[in-house]
Every structure is written in C-alpha cells, then in structure tokens.
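Each remark here refers to the structure printed beneath this line.
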Number of protein chains: 2
Amino acid sequence: MTAYHQMSRQELEKEKSLLDAAYAAFQAKNLKLNMARGKPSVEQSDLSNGMFNCLSSTDYFSEDGVDCRNYGTLDGIPEMKRIFADLLHLSPDEIIVGGNSSLAMMFDNVSSNMSHGVRDGIPWSKQGEVKFLCPSPGYDRHFGICEYFHIQMIPVAMTETGPDMDEVERLVSSDPMIKGIWCVPKYSNPDGIVYSDETVLRMANLKPAASDFRIYWDDAYAIHYLYDKPATILNILRECEKAGNPNMPLIFSSFSKISFAGAGVACIAASRSNIEFIKQRMAMQTIGHDKLNQLRHARFFKDAQGVLDHMAKHAAILRPKFEAVEEALERELAPLQLAHWQNPKGGYFISVYVPEGCAKRVVQLCKEAGVVLTGAGATYPYGNDPHDSNIRVAPSYPSVEELRTAAELFCLCVKLAAAEKILSE
Amino acid sequence: MTAYHQMSRQELEKEKSLLDAAYAAFQAKNLKLNMARGKPSVEQSDLSNGMFNCLSSTDYFSEDGVDCRNYGTLDGIPEMKRIFADLLHLSPDEIIVGGNSSLAMMFDNVSSNMSHGVRDGIPWSKQGEVKFLCPSPGYDRHFGICEYFHIQMIPVAMTETGPDMDEVERLVSSDPMIKGIWCVPKYSNPDGIVYSDETVLRMANLKPAASDFRIYWDDAYAIHYLYDKPATILNILRECEKAGNPNMPLIFSSFSKISFAGAGVACIAASRSNIEFIKQRMAMQTIGHDKLNQLRHARFFKDAQGVLDHMAKHAAILRPKFEAVEEALERELAPLQLAHWQNPKGGYFISVYVPEGCAKRVVQLCKEAGVVLTGAGATYPYGNDPHDSNIRVAPSYPSVEELRTAAELFCLCVKLAAAEKILSE
C-alpha cells in the first residue's frame, strides 16, 4: 500500500498539482541526458588510452613468435587466451578469442545450432519450434537473437538468487524443444543479481529433455564490481563436468566494458569438445580475428591481475554514479513505497520496479523532459513486461551532477505517474 | 604433344635419371618454404607500420564527432565508408564496413540467406537443395562456405575473359535452385583473370530462374595490381541497376592485403535496399565493429588516392617475385610444352596447369623436398580437379632468392612427374 493510496482524493490532487509544477520546472531546464544503454563514460574510456601506443613497428609478435600483423592463429594468441582463462578460472584450451563483440559470438553460436545443430546433434531448426528460457527481466539483445531466429521465448521469473530454478528444472526436464537458457550469472542485466551457489549447482545438474540443450552463460560483468572486489560464484563449466553435463554450458565474456566498448576483445569458453566443434565452423568463417588488438590488450593489461587492478579504477568512477541514483530513489520514493529496487554491487544497471502499469508512462514523462531511459518492457521477451513495472536505469555515462538531476526527475515522474494512475481509477 | 612424348623410352629413362639426381640434390638442401597461401611478406606488412601510432589519446573521433572508443555506429565511420566507396566507385550509403574479414561477411551473408532468405524471399534452406555456380579453378574458401552449408557446387569453366558465360546463362536461367555464383572479377584467384566488359555485362543481364539469385562479387584484388595501374572493369552494381537487377550483386572487399592481413577492415557493398536489409540483421548481431581500427585506416591512408599510392609499394615488392617464378616456368617448362599458365597482371597467384594427372604428384614431390604448395585440387569444388592438372603457386611470402630456388624445384618436379607418367603408361 503506497502512501498515495492512503491520501484522500483531494490531498492527492493537491500533491499532483505540486508535482505538475515541479515537472514543468524540469522541462524548462531543457535537459538532454541519455541513460538508455550501459555505455561507459568518457572518463572510463580514458582509463585505456594507454592502448593507443602499446604496440610499435618493433613490437608486434605474440609470445609464440607469430607476427600478429599477418594471417594465422584462428582461436587467439596465447597471452590473450591466458588472460581470459585466468579471469574465468578456466584453462586456455577452453577459450576461443573472438573479435570485438561477445554478442556476435552468441548470435553466431545460436545461428550455428539452428542450421547445423550442436556437435553430433540434429539442427535445431529441423526439430520443430525451438524454445529458450528467458529469465526476466533480462538483456534485451539476448531476446533479440531469439526473435530473429523465431525462437519462442518462455519467461522465467528472476529471484534474488538467480532464475526461479524450480520453474527452470520443471520446464527443461519436460520439453525437448527447450534448447537453451540465457543467463547473466554475475551482476545480472538489469537487476544486478549474483547467482547463488545453489542456483549454479541446480543449473549444472539440470536433466534436460533435450540432449542438445545449452546454457548461454553470458558472463558480461564477470569482474565489473562496484565495491571491494568482484563477487565469486561457482564455476559453471566445472560444476557441469561434475554433473556429467560437460558440453552444456557456453560461456561468453568480453573487454567491451574493460578496455574500449567499441574496440574490445571477446571470447567464448566451453568444454574442449565444444571448442573443437566451434573451431571447425570458424575455419570456414575466417582466417582469424584481429590479433593486433588482442596483442594490444595483452601488452596493456599484462595479465589477469592487471585487468582486476584496472577494474578498481572503473569502480571508483561508477560507484558515485550508482549511489547518486540510489540516494534519490531512497530519499524520494522509499518513504512513499512507490518503488523497489536492488542496490547492485556491480554491473551497469539499477533496475527499478515502479507501481504496476506505470513504467511506460514514467519513461515517456522522462523523455518529454529530456532524459532518455531504456524503453519500458525492453527487459522482457517480446518487449512485454506483464506488469508494466520494470525500468532499467543505466547510470554509467552521465556525470554525477547530471545523474543527480536525472534521478530527481525520474523520481518525480514515478510520483506523477502513480498519482495519475490512482486519480484515474 | 610434349617434348617428352617425342623421346624414345630409352631417352626418357636417361632424362629421368638426370631429374632424379637433381631432385636428390634439392632434397639435400633441406628447404623449408611455404607457397601455399596468398600471404603478404614481412616487407609488405612493414609498409603499414605507420598504423601503430596514428591514433592517440587526443585523436579518436571520427569526422562526425563520434568517440570511436565507445559503442555506436553500426555500419562504419563516414571516412572509412568513403574510402571504400571511392575505391569501388560506389556511394558511401552503398557500403557497410565490417570487421577484419570479408570472408566472414560472405559466410554470414550465405548463412543469412539460408536461414532467412534474401529480402522478401523464402529462406533458401526451405526451398530444396540449394546450388551455387562455381567458376573453376576458383577460391577454395568460397567452396568451403558452400560445403559447410551443404550447397551443391556446380563447376563452370573459366576462360581468359571470366567464367564461361554461355554456360552461366544456360544454368542460371533454367534452374530456380541455383541461388548464387562466386566471382573474383579482378585478378581472379587463382588464374589472375580480369573479367571483360562483355562478361560483366552478361553477368548483370542474367535472367535467373530464381528471383532470389545473388552474385557474390568478391573484389578481393580490386586494386592489387603488379604493373602500371589497376585494371578497370565495368561496375557490376551500376550495370545490374541498368539491367533491372539492382539487388542481384553483393560486393565484398577488404584491406587484408592492403594494410595488415591480420588486422584489416572489410566491407560489403550493395544496393541501398540490400544494405538496409543486411543492417537489420547486423542490429541483432553486434553493437558495431571496431571503429578504432577503421579510424586507424582512415588516418593512415587518408583517402582512396592514398590507398592507391600505397598499392604501388606492394606492387614493387611483389612484381619481382612473380617474375622470378614466371622466368623459371618460361625457361624450364615452355620449351618442353609441359605446362601453361597466365602471367597475371595483379592478384596473388600464378596458376599453373601441368600435364593431366600430374598435379597431385608435383605437389607431393615439392613437399618432400621442403616446398609446400596449395594442395592439388583445392582450387576446384570438393577438392576435385577433374584433370588433376591445376596448381596454385603463391609467390608473395618467400624472398626472391627463395622463390628462384623454389620455382626451379617446382619445374623439376613437373618434369619428373611427367616423365614418371609417360614411363608408366
């Protein structure tokens, strides 16, 4: 029960006229801020400017003596494989280094399984209507891949410890057309949830009806912490091995939010059997990805510890931004019980649940006052938030000052939308 | 009729014992040379070393003000689009700039057409057994893409002016399951053939039985000339427009053999309608390709003229290498009429036709004396050269000295294989 519900109609109308006046004042400021995507700020990009000059006309060899300017090396230079392996607590031969986009690697993997099937499998597209489990709210671009391939998306609720595993187990074990699940196991997009050990264990021990079921484990925020140090979770590949499901997980990660968002390096990690299978396709696709950019990363970061040290600098920039938003939410919305949210310990988003039926209106009000948010519903399959409640706030790009203003506007819009809704009932 | 055929058995046996001795002498040299792939030499890579330091911590904006370090810009920065457009005599809005591999873009386009069809088309894979015309000899990696997607390959003979267009017209107009043709229009792989105006015109004016037929126009060697200046051919997109087939051609090109083979920039060029359609898929695949590498190229080459000037330096390095091989062929094999070949004016290969049934044996003999050539048959669909005659020689990587030795060995092996064959008949 919100405080607004406890007001008389007259009180609420008075409150709304105050809100309207405040909103008009915001509109007069001609704000122009974008909090739609998890885009690193200029200051964060500056952290990696050393990459511009860390190679030279005498330094372009990988440690195995390969001239990185030329053709060759399908699956990545050894030093870059090692960095990914150390960060993901895996072995270098469980890693394929790709181009600059882990999304492209996920898309390509789904495409491959649709047209050719998993190793020793029948093409998914030849088996009937393919379905994926989509823990929701989740990452809109995962859902986009499913839509593109006409894969039916089945939403599964997120809990504070990860996807609702009762539901995941029930569905996966009963329907052989469920071929995949999208997971962002650490600092999930958008809720910032870290999967518990129980969640990872239950995921690894799934008994899928489909022998060609795959877990798409998008470790996008593996080391993207805001406080103290990255959360540690159980190793999905090792747990799947123990459970007799070594080929079930496909792990993706990238440097897009570590080095340069537009010029990072991505990877896929999996069982050696899966790696071998993926490399067969890659050998038809390309002579190899950009090794100079891999070497640039290896020179700049040196090793996994170098990457972790670098992430502390990102955290120092991001933390006050998250806190500026959280402070406004706490101050403006908590007393009125108009919203709830996680205070994430990492990742790129604050996921706010506004009163049912109000998310679209809040996003619209913010937009009309100059602050662009992620479209309401984008965090759900087919853009359909059944409660019209979740809004993903991306605080990384604007300055702290701008965020204070934007967050104040956001809270105002939540109040306004809530008041409008109650008054219209 | 070769000179060897005119010898008596005794004369030929004597000749063969001389060849055997010469071959043994080569084996004693312990050569270790690789002429298998069109790989630029170290000196060629050195030409682009200026790319290592042409960006800096104060220079990372594209001309439209985009911070190339960050996310954004799906289809390429304006300056890189313009360079491609000027080189290909097209408009920037007919260009999508990709990652480092044009092969990856071709693979992805075929994959897209298989699973989703061309714009307003039915997925190729849903129409029956897809077929491609494969002018042969041709590029093994084109054929590899077909094999991967289970596309039936129909060889079409190459002539000195391009594919046998009588055959292409006959096949394309009669079979609606023929969905594509692979073309390398300039300095073709491996023959170095430049398509004549008539060939391009007839290609553009095809009347395919399949409304979703596509010409894969791999302009891999668009400006990769050895003498004077690049050959000019008719503009396939403009000719297709005139013929009422604007959406038929898909043009691919890349900087792999201009800047760095391992870290270049590729593109696809096509009608605006095709570009729009491809971008719809790209928007699901990636946030964008590596813009910093695009900017690096734009800064280093400045404009299309800068690229053409740069190609003159490549030509100066490559020309003596091609000539070293051609001299040996002319000196050793022409008098005996044991082989024929083109003396290409550009590209990366010399395509030698040895006596029927001898190509595999020549490649084997060379290998056993330390010189690796492209596998015999690789230039034909399914690795099947019906005459076992064509050998692709790639002279770019070794030094001129090494090439003289390797070419001498090659000629010796052709003689030896020919002598063996006649003696075994």
Side-chain angles (χ1 to χ4, degrees), chain A residues 37-42 44-46 48-53 55-60 66-73 99-101 103-104 107-108 111-112 114-116 123 125 141 144-145 147-149 256 259-264 280-281 283-293 397, chain B residues 37-42 44-46 48-53 55-60 66-73 99-101 103-104 107-108 111-112 114-116 123 125 141 144-145 147-149 256 259-264 280-281 283-293 397:
Chain A
R37 309 288 326 176
K39 186 174 173 177
S41 63
V42 174
Q44 288 178 271
S45 299
D46 286 346
S48 299
N49 279 349
M51 288 218 301
F52 283 125
N53 55 9
L55 297 183
S56 75
S57 57
T58 55
D59 182 11
Y60 47 73
V66 168
D67 182 341
C68 292
R69 303 172 306 176
N70 219 321
Y71 287 124
T73 311
N100 75 326
S101 166
L103 183 68
F107 180 99
D108 191 66
S111 178
S112 176
M114 287 297 284
S115 64
H116 286 72
S125 65
R141 290 183 180 272
I145 292 174
E147 277 207 78
Y148 182 80
F149 286 102
S256 292
S259 58
F260 292 138
Q280 286 169 22
R281 174 178 169 97
M284 299 294 114
Q285 278 176 310
T286 181
I287 323 287
H289 290 289
D290 185 340
K291 293 186 296 299
L292 284 179
N293 205 35
Y397 196 80
Chain B
R37 308 292 322 179
K39 186 175 172 176
S41 64
V42 173
Q44 288 178 270
S45 299
D46 286 346
S48 299
N49 279 349
M51 289 217 301
F52 282 126
N53 55 10
L55 297 182
S56 76
S57 57
T58 55
D59 181 11
Y60 47 74
V66 168
D67 182 341
C68 291
R69 303 172 305 177
N70 219 321
Y71 287 124
T73 312
N100 75 325
S101 167
L103 183 69
F107 181 99
D108 191 65
S111 179
S112 176
M114 288 297 284
S115 65
H116 287 72
S125 65
R141 290 183 180 274
I145 291 174
E147 277 207 77
Y148 182 79
F149 285 102
S256 292
S259 59
F260 292 137
Q280 286 169 21
R281 174 178 170 98
M284 299 294 113
Q285 278 175 308
T286 180
I287 323 288
H289 291 289
D290 184 340
K291 292 187 297 299
L292 285 179
N293 204 35
Y397 195 81

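Here is the naming used below: chain letters follow the sequence lines, and residue numbers restart at 1 for every chain.
- Contact count versus chain A (heavy atoms, under 4.5 Å) is highest, among B/S41, B/G72, B/S112, B/S256, for B/S256.
- Both the backbone and the side chain of A/R281 come within contact range of chain B, judged by heavy atoms closer than 4.5 Å.
- Aromatic ring pairs are classed by plane angle as parallel below 30°, tilted from 30° to 60° and perpendicular above 60°; the pair A/F149 and B/H116 is perpendicular.
- The two residues A/G144 and B/M284 have their closest heavy-atom pair at O-SD, 3.6 Å.
- Proximity of A/L292 to B/F52: side-chain heavy atoms (C-beta onward) are separated by under 4.5 Å at one or more points.
- At a 4.5 Å heavy-atom cutoff, the contact between B/N293 and chain A is made by side-chain atoms alone.
- Between the NZ atom of A/K39 and the OH atom of B/Y71 there is a distance of 10.5 Å, given to the nearest 0.5 Å.
- Considering every non-hydrogen atom in both A/R69 and B/F260, the closest pair reads O-CB, 3.3 Å.
- If you tally non-hydrogen atom pairs under 4.5 Å between each of B/I145, B/N53, B/I287, B/D67 and chain A, the highest count goes to B/I287.
- Taking the side chain as every heavy atom from C-beta outward, A/N70 and B/Q44 never approach each other to under 4.5 Å.
- Proximity to chain B (any heavy atom under 4.5 Å) is restricted, for A/S111, to the side chain, taken from C-beta onward.
- The part of A/S101 that comes within reach of chain B is its side chain, from C-beta onward, which places non-hydrogen atoms under 4.5 angstrom from that chain.
- Between A/Q285 and B/D108, the closest side-chain pair of non-hydrogen atoms is not below 4.5 Å.
- For A/F107, the part lying under 4.5 angstrom from a heavy atom of chain B is the side chain only.
- Residues that satisfy the ring pair (Phe, Tyr, Trp, His ring centres under 6.0 Å) test with A/Y60, not counting sequence neighbours, are absent from this structure.
- Ranking B/H289, B/K291, B/Q280 against chain A, the residue ahead of the rest is B/H289, based on heavy-atom pairs under 4.5 Å.
- Proximity to chain A (any heavy atom under 4.5 Å) is restricted, for B/N100, to the side chain, taken from C-beta onward.
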